[in-house]
Amino acid sequence: MHSILMINETDITRLIVKNYMEELLNHLSIDVAIVGAGPAGLVAANYLAMEGKKVVVFERKISPGGGMWGGGMNYPIIVLKFGKEILDDIGIKYEEQNGYYVANAIEATSKLIASAMDAGAKIYNGITVEDVMVKNGKVNGVVINWSTILMTELPVDPLSIEAKAVIDATGHDCYVSRIIEAKYGIGHKIEGEKGMWAEEGEKMTVERSGEIFPGLYVAGMAANAVSGSPRMGPIFGGMLQSGKKVAELILQKI
Ligand code: 48F
């Protein structure tokens, strides 16, 4: 007996597996793979998806949003000096105070996630990018595995997703850039971010965001870490502008 009034465990399982697999099969070859769903990666995803690009953000944790939920020291407030136009584009509310723009961190983070998805970007959570594909001197995809498999250290081989461009938006770790530096070199050593200097950090984040190896772009705190620039703490304009800049650079190329 099968009625729409009955709840059947096998139906639920089938719907979950079928829908996930269909979507994944449709995203084995994409325009842009973004590694890390922090503010920089999410802004890039928004602007790329708005232009109709096929974008997937891979986030190793269950919840996307990175380090923005907690504002500063877990006061869920973010402050911006620059980048107000991005808050406007996404529909994030803010108040101007003392020449700064102040927004709620939870609203800002959740709207960045929701608007990226509304624009058509996919966010795959619980998946870690453990490596990249490199062919003929160019990064052309990501190598992924379940975060849970990596946590248990089971010797399970990963899968690959082909992409025309890859963005390292992994934050302080600059994980993907470190892999490329170790295996191929990027012309200089990665020193990691320096001590706090908000004004210089904001400026350098945007300035140093871009392509650091053919096919590999760096955005957000990863751009700071790669270029040895100062950290800037809970001021987020540079993060947002960095994601937008990288999206625009990629749009010129693909
Ligand atoms: O750290 P995160 O928020 O980076 P961001 O976008 O923004 C930085 C600010 O949040 C803040 C700051 C501002 O002053 O300093 O920290 O540059 O987000 C990075 C995301 O990448 C994920 C990680 O879980 C986080 O959500 N991530 C890191 N490595 C990997 C990854 C990986 N190998 N695969 C998938 N996701």
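In listed order, ligands and their atoms are each counted from 1.
In this structure, ligand 1 sits under 4.0 Å from heavy atoms belonging to Val35, Gly36, Ala37, Gly38, Pro39, Ala40, Phe58, Glu59, Arg60, Lys61, Gly66, Gly67, Met68, Ile127, Thr128, Val129, Ala169, Thr170, Gly171, His172, Tyr175, Gly220, Met221, Met232, Gly233, Phe236, Met239.
Side-chain N/O atoms of Ser177 and Asp168 include a donor and acceptor closer than 3.5 Å.
Distance check: Ile30 CD1 to Lys164 NZ gives 10.0 Å after rounding to the nearest 0.5 Å.
The main-chain N or O of Ala116 is found under 3.5 Å from a side-chain atom of Asn46 such that the two form a donor-acceptor pair.
With sequence neighbours left out, Tyr20 forms a ring-ring contact (aromatic ring centres under 6.0 Å, His included) with Tyr124.
Screening Pro76, Ser110, Pro64 for a side chain to side chain contact (heavy atoms under 4.5 Å, CB included) involving Trp69 leaves a single residue, Ser110.
The pair Lys203-Glu200 meets the salt-bridge criterion, since a charged nitrogen lies less than 4.0 angstrom from a carboxylate oxygen.
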